[in-house]
Amino acid sequence: MTMNDTFLKACRGEKTDYTPMWLMRQAGRYLPEYQKVRGSVSFLELCKSPELCVEVTLQPIDILGVDAAILFSDILIPMEAMGLPLEFHEGRGPVFPKTVRDRAALDRLIVPDPGETMGFVMETIRLLRKELRVPLIGFAGAPFTCATYLIEGGSSKVFWETKKMMYTAPELFHGLMEKITETTSRYLLAQARAGAQALQLFDSWAGILAPADFAEFALPYAKRIIADLQQTGLPIIYFANNGATLLEYSAASGADVIGLDWRINIGDAIKRVGNRAVQGNIDPFALLLPKEKLKERIKRLLDDAREAKGHIFNLGHGIHQFTPPEQARFAVDTVHELSSR
Ligand code: CP3
């Protein structure tokens with residue numbers, strides 16, 4: 001079994017034969033094959049069944065021809081393990097019926113042993129490594145993004161409760177960030193021991209913060225996790241969504257690869273992140289373009305990224321659930337074809 005290590009080489013800034021590609025949220029509802037598995041179990045049951053997680057992780061590898069696999073799980077799994085019951089409601093997304101908004105709730109949170117509480121994740125990783133011929137990415141949410149879910153009790157648009165805590169009870173906010181950070185470090189180290197070959201931190205909500213607030217309330221914690229992970233020797237990817245104004249800070253996180261959303265030209269971003277590889281950054285909706293237009297856009301992006309220390313082609317955020325899989329496959333083939341050297 002030959003191993004395709006193009007993705008890992010690009011993460012490390014080594015020369016590759018072509019630009020590797022994977023898609024954020026590549027396993028999911030846009031695939032009929034995923035919907036079939038999901039038809040008989042709830043999302044959380046799926047996340048906790050290693051055999052099914054293996055199946056849906058593998059689906060996009062063959063269907064799309066991508067150069068990396070990402071563990072099928074969710075960033076909120078370790079938050080549930082900290083002691084806060086988690087639910088997923090159809091059409092509304094994640095819900096924490098109990099929130100963390102005061103000292104008593106913070107004190108009740110535990111820093112869980114990942115093997116005891118999330119053994120199903122490590123089991124999924126071990127099983128996947130026996131099947132895969134592309135590298136396996138493990139992941140977690142970055143502490144700020146995880147904190148918003150615990151404080152708000154789910155997804156949010158204005159983040160009133162989160163910002164209220166940051167500005168009126170900063171010691172409480174920092175206390176919560178400490179516990180999430182410790183949990184996340186231990187969780188990602190356990191993923192590495194189980195066999196993950198790269199680790200990505202998703203900071204989906206970083207972009208709601210003013211740069212100075214990002215530097216004070218979010219970045220130090222992501223940085224601490226990344227420092228803890230250096231001992232694994234694995235490439236670390238940090239993705240701050242909507243983070244074009246935060247790029248210098250993101251680069252200061254210490255990550256080997258900086259994830260980019262689509263709101264910035266990739267060439268401009270490369271100048272700002274210094275000696276680091278980048279991952280991104282086509283608008284997920286560009287997959288709806290007619291093929292010729294999509295191809296032109298991919299060519300432009302590859303050209304704009306030519307000065308990168310390393311480039312992993314990806315979407316600027318997760319693939320949308322109504323994207324035709326066939327268009328995603330065309331994008332992967334086109335990236336491979338246009339970038340082959
Ligand atoms: O293929 C992959 O990328 C691996 C699996 C993965 C999922 N979630 C599966 C999932 C990954 C890496 C995530 C990360 C995640 N989860 C993030 C960060 C990335 C991002 O998109 O910004 C966030 C914020 C979450 C929290 C979350 N999980 C939300 C807000 C939702 C509901 C919104 C939505 O897209 O449905 C989920 C549910 C979820 N996570 C689904 C999947 C496949 C859909 C669940 C279903 O089958 O109904």
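For ligands, and for the atoms within them, numbers begin at 1 and follow the listed sequence.
Aromatic ring orientation, Phe144 versus Phe173: tilted (interplanar angle from 30° to 60°). Under the 30°/60° scheme for interplanar angles, the aromatic rings of Phe7 and Trp22 are found to stand perpendicular.
To the nearest 0.5 angstrom, Ile298 atom CD1 is 11.0 Å from Lys291 atom NZ.
For Arg329, the salt bridge (charged side-chain N to carboxylate O under 4.0 Å, His left out) test picks out Asp333, with sequence neighbours left out.
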Tabulating one pair per line, provide the atom names and distances (0.1 Å) for every N/O atom of ligand 1 that is less than 3.5 Å from a protein N/O atom.
unit_1   : atom_1 : unit_2 : atom_2 : d
ligand 1 : 1 (O)  : Gln26  : N      : 3.2
ligand 1 : 1 (O)  : Ala27  : N      : 2.9
ligand 1 : 1 (O)  : Ala27  : O      : 3.3
ligand 1 : 3 (O)  : Arg25  : N      : 3.0
ligand 1 : 8 (N)  : Asp74  : OD1    : 3.2
ligand 1 : 16 (N) : Asp74  : OD1    : 3.0
ligand 1 : 21 (O) : Arg25  : NH1    : 2.9
ligand 1 : 21 (O) : His317 : NE2    : 3.2
ligand 1 : 22 (O) : Ser204 : OG     : 2.5
ligand 1 : 22 (O) : His317 : NE2    : 2.7
ligand 1 : 28 (N) : Asp74  : OD1    : 2.7
ligand 1 : 35 (O) : Arg25  : NH2    : 3.1
ligand 1 : 35 (O) : Arg29  : NH2    : 3.0
ligand 1 : 36 (O) : Arg29  : NH1    : 3.0
ligand 1 : 36 (O) : Arg29  : NH2    : 2.6
ligand 1 : 40 (N) : Arg25  : NH2    : 3.3
ligand 1 : 40 (N) : Asp74  : OD1    : 2.8
ligand 1 : 47 (O) : Tyr34  : OH     : 2.5
ligand 1 : 47 (O) : Arg38  : NE     : 2.8
ligand 1 : 48 (O) : Arg38  : NH2    : 2.9

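Applying the 6.0 Å contact sphere to CZ of Arg341 captures more than 12 heavy atoms from other residues, nucleotides or ligands.
For the pair Glu33 and Lys36, the salt-bridge criterion is not met [side-chain N within less than 4.0 Å of a carboxylate O].
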